[in-house]
2 protein chains.
Amino acid sequence: MLAEGEGHKGIAMTALSWLSTRQTERIGAVGTELSAKITIHDVARESGVSIKTVSRVLNREPNVKADTRDRVQAAVAALNYRPNISARSLAGAKAYLIGVFFDNPSPGYVTDVQLGAISRCRQEGYHLIVEPIDSTSDVEDQVAPMLATLRMDGVILTPPLSDHPVVLDALEREGVAYVRIAPGDDVERAPWVSMDDREAAYEMTNHLIGLGHRDIGFIIGHPDHGASARRHQGFVDAMRDADLPVRQDRVEQGWFSFRSGFEAAERLLGGADRPTAIFASNDDMALGVMAVANRMRLDVPAQLSIAGFDDTPGARITWPQLTTVRQPIAAMAAAAADMLMSGVQHEEGDPPPSRLLDFELVVRESTGKAPG
Amino acid sequence: MLAEGEGHKGIAMTALSWLSTRQTERIGAVGTELSAKITIHDVARESGVSIKTVSRVLNREPNVKADTRDRVQAAVAALNYRPNISARSLAGAKAYLIGVFFDNPSPGYVTDVQLGAISRCRQEGYHLIVEPIDSTSDVEDQVAPMLATLRMDGVILTPPLSDHPVVLDALEREGVAYVRIAPGDDVERAPWVSMDDREAAYEMTNHLIGLGHRDIGFIIGHPDHGASARRHQGFVDAMRDADLPVRQDRVEQGWFSFRSGFEAAERLLGGADRPTAIFASNDDMALGVMAVANRMRLDVPAQLSIAGFDDTPGARITWPQLTTVRQPIAAMAAAAADMLMSGVQHEEGDPPPSRLLDFELVVRESTGKAPG
DNA sequence: TGTTGAACGGACAGCGCTGTCAAGAATAAT
DNA sequence: ATTATTCTTGACAGCGCTGTCCGTTCAACA
């Protein structure tokens, strides 16, 4: 272990007084590398119109002559002008800021959400504010101040926040629009983007059944996530439709974590009588199953097929690689950002504007024909 | 596969016209749940001082009588007042916004950085803006507009952006402060926060040597990351200091990815003459080695010890769990945020303010005594 | 008692932009 | 040709806050 600061030259922490960028610019003479901030006035002067007209062009407002618009746009390009977000936000209704709230994310999920959302936001000049919420402490205390200081045009909620009543209440009270990703049952309350978890689980189960498996174990996900119940339902429906029994001792409760999958697998595979396949409600738990199988020297998939859900990066980081369901996480986030930027609004009584995106079955090496 | 929109009731995408929050507030009569935005004027009136004095209290400026300060703070609390960030940013020098730039992150790393940074930012009323940068396309085109539209008090750069000259140049040209996390060799250029990668690799190698290993394979990390060379150096130094040979055919170039680790391991373990331990420069690659070992039915750690670096979530998501080095990612990000908020500035000629944080060797089950 | 500076509080001018409103120009309707 | 409309444009007033500058007050000193 290395003591802080040890073994390196000149690394003392030195906090010098702040010399504001602004002052530097002011002071800096002509020719300084720091270009003076150019404003809407510069563009107006350059193109010979009023600042209001420049503003119109910038905001794609109607009733501007094509000729005028062109002149302004040329000036914008020539001066390399960019409107200042703080000023726009202060003066106008839009904030050009979209929030992403998340809590205890599985690695990769949040990053995918951010990447997906940004891909849309960039085009429209929006930026992303990330706000981790710790739902084990007072959520109200975290959300309310944040909403009061920073105006956002909307918030993207990731599970399990998509269903957190305190968060939803706070958002509504502050009048901030939001879109939920993969919410639970309360589908009528507010806009959402999701995928058909039930159908996906149904198809995965069918994939297993098609491989000859008749005795399939299932690990349920975290009860706070709405998707958990839907995935379980898909499994049950597929078994029913294939006239296969759903044995209660083949269904274990998990928590979406590696550890919970590991422990569930120990119970599932502990006795002599064991299933020939296990379908876990997410990849982390499936990887837990995989670990138990490895430890027990079970050959995957020859002796045991394992299926996951989510197609997290971890699904490819094992051997054999995991058969799983690819969630369109980035696409869902992009759709949510879209809705927020176009100003979705849920009118009382109407069904909330929402979108259901496609999933994809990703068959890799962890599932194979049933033994015997 | 499910067609979009199929199989669900009332999910049509409906984009209603935007009714601005603002208007709603104006219109809303007394008693509406949407409380009218309270401003610094309200606080001033409530506490019987001028708005400037309120501002002084808010910004902890000197020369305010204790009695006055208390009255103002009481009013702030009573009215539940929160200053508006856009207005502060527009009028003053601070933006209350810190950016996090990242590129092609390994899952979990970016999230850790965000969590670490936020933990500090929240206290000071700062928010985090995330900006993924795609360094395969024009970086200048991505960074310049973003900096022009949104003023940020500083930017946290994660590897490999910490060493990306175009990004650093753009930041400096725009006069935006930045702190680099785990930069490469150019330690003199600008502030950074890091850990001693060389020392950590040195200790890990010693751990292996202490276990009796004399023939150790090493997989180098991505050459764009400054840490790669340092970790390699630590390995070489430890071998030298133990009078052990560093065979060229025991060192493979990797790219920090699972696949590159997998392929390197295939080369390392392909022949009859193979090392008894492999030290990979990060966990993803170590997991690749583990997959090859599993596939070859090698017992880990009895026949092969495997060590990683980073302690990513994936390190615990295998069996056996990975021996690795815990990087203080969140702490590094928190330190970086600290530096930015306190207004670090690198004065020409001085060594840049920087911090070196502790790492931790995490010995788990993937390393054991050398065979024989 | 007079003087001086520090401590304290407030008036005021913007920051860069958008919303409102109204005037003038162009077009349509009569 | 005249009036009624619509289109196009600009002047202007803030949005909510901080920085600057100036007027007080008050203690400490001569």
Side-chain angles (χ1 to χ4, degrees), chain A residues 18-23 25-27 36-45 47-72 76 79 81-97 125 148-151 153, chain B residues 18-23 25-27 36-45 47-72 76 79 81-97 125 148-151 153:
Chain A
W18 176 264
L19 175 60
S20 97
T21 302
R22 229 141 170 203
Q23 286 170 12
E25 286 167 18
R26 292 286 139 76
I27 296 167
K37 215 101 271 164
I38 56 164
T39 76
I40 198 171
H41 288 97
D42 300 313
V43 179
R45 194 177 333 106
S47 48
V49 299
S50 74
I51 59 166
K52 178 64 219 189
T53 298
V54 175
S55 173
R56 285 201 182 87
V57 173
L58 259 30
N59 294 291
R60 298 195 195 83
E61 286 175 29
N63 301 340
V64 177
K65 230 187 297 183
D67 168 53
T68 311
R69 184 192 327 280
D70 292 345
R71 276 212 325 284
V72 171
V76 167
L79 296 173
Y81 165 73
R82 313 278 170 191
N84 175 305
I85 284 197
S86 295
R88 296 182 105 171
S89 169
L90 187 57
K94 284 189 272 184
Y96 295 92
L97 251 25
T149 54
L150 231 201
R151 233 188 51 240
D153 294 314
Chain B
W18 176 265
L19 175 60
S20 98
T21 303
R22 230 146 172 197
Q23 286 170 11
E25 287 165 17
R26 292 286 139 77
I27 295 168
K37 214 101 270 163
I38 55 163
T39 76
I40 198 171
H41 288 98
D42 299 314
V43 179
R45 192 176 336 103
S47 48
V49 299
S50 75
I51 59 167
K52 178 64 220 190
T53 298
V54 176
S55 173
R56 284 201 182 88
V57 174
L58 258 31
N59 294 290
R60 299 196 195 83
E61 285 175 30
N63 300 340
V64 176
K65 228 187 298 182
D67 168 53
T68 310
R69 184 194 325 282
D70 291 347
R71 275 213 325 284
V72 171
V76 166
L79 296 173
Y81 165 74
R82 313 278 171 192
N84 175 306
I85 284 199
S86 295
R88 297 181 102 170
S89 168
L90 188 57
K94 284 189 274 183
Y96 296 93
L97 251 26
T149 52
L150 230 203
R151 232 186 55 237
D153 294 314

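What you are looking at is a predicted structure, and each value in this text was computed from that prediction instead of being measured. In the text below, chain A, chain B and the rest are named by the order of the sequence lines, each starting its count at 1. We use all heavy atoms of the structure for the numbers below, so side chains are in, but hydrogens, waters and symmetry mates are not.
- Listed nucleotides C/dC17, C/dG19, D/dG16 differ in distance to A/Thr39; the shortest reach to its side chain belongs to C/dC17.
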Side chains of residues 63-70 of chain A: which donor-acceptor pairs under 3.5 Å do they make with residues two or more places apart or in other chains?
unit_1, atom_1, unit_2, atom_2, d
A/Asp67, OD2, A/Arg71, NH1, 3.4
A/Arg69, NH2, A/Val64, O, 3.1

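- An end-to-end axis angle of 40° holds for the helix from C/dT1-D/dA30 to C/dT30-D/dA1, taken from five base pairs per end and rounded to 10°.
- Although no hydrogens or angles enter the test, the distance criterion places no donor-acceptor pair under 3.5 Å between the side chain of A/Ser89 and the main chain of A/Ile85.
- Among all heavy-atom pairs drawn from B/Ser55 and B/Ile40, the shortest one is N-CD1, 3.9 Å.
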| task | Go through B/Thr149 and A/Tyr96 one step at a time and tell me if the side chain to side chain contact (heavy atoms under 4.5 Å, CB included) criterion holds. | result | CA-CA 10 Å; B/Thr149 52; A/Tyr96 295 92; over 6 Å; no
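- In this entry the distance linking CG of A/Leu90 with P of C/dC15 reads 13 Å, nearest Å.
- Within the 4.0 Å cut-off from OP1 or OP2 of D/dC17, at least one side-chain nitrogen or oxygen of B/Tyr81 is found.
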Its contact letters, B for base, S for sugar-phosphate only and - for none at protein heavy atoms under 4.0 Å, make nucleotides 22-28 of chain D read -------
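- Side chain of A/Arg151 to backbone of A/Ala93: a donor-acceptor contact under 3.5 angstrom is found.
- Under the side chain to side chain donor-acceptor pair (under 3.5 Å) criterion, A/Arg45 pairs with A/Asp42, not counting sequence neighbours.
- Distance CG (B/Asp42) to P (D/dC15): 12 Å, rounded to an integer number of Å.
- Between B/Ile40 atom CD1 and D/dG16 atom P there is a gap of 11 Å when expressed in whole angstrom units.
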With B for base contact, S for sugar-phosphate-only contact and - for none (protein heavy atoms under 4.0 Å), nucleotides 3-8 of chain C reads -----S
Nucleotide N/O to protein N/O under 3.5 Å, stretch nucleotides 10-12 of chain C:
unit_1, atom_1, unit_2, atom_2, d
C/dG10, OP2, B/Ser50, N, 2.6
C/dG10, OP2, B/Ser50, OG, 3.2
C/dG10, OP2, B/Thr53, OG1, 3.1
C/dG10, O6, B/Arg56, NH2, 2.6

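- No side-chain donor-acceptor contact under 3.5 Å links A/Asn59 to the backbone of A/Glu61.
- Counting to the nearest Å, the P atom of D/dT8 and the CD atom of A/Glu61 are 13 Å from each other.
- Contact record, A/Ala87 with A/Asn84: N-OD1, 2.9 Å, taken as the closest heavy-atom pair.
- Between B/Ala95 and B/Asp153, the shortest heavy-atom contact is N-OD1, 2.8 Å.
- We find that CD1 of B/Ile85 is positioned 11 Å from P of D/dT18, with the value rounded to whole Å.
- What separates CG of A/Leu150 from C1' of D/dC17 is a distance of 15 Å, to the nearest Å.
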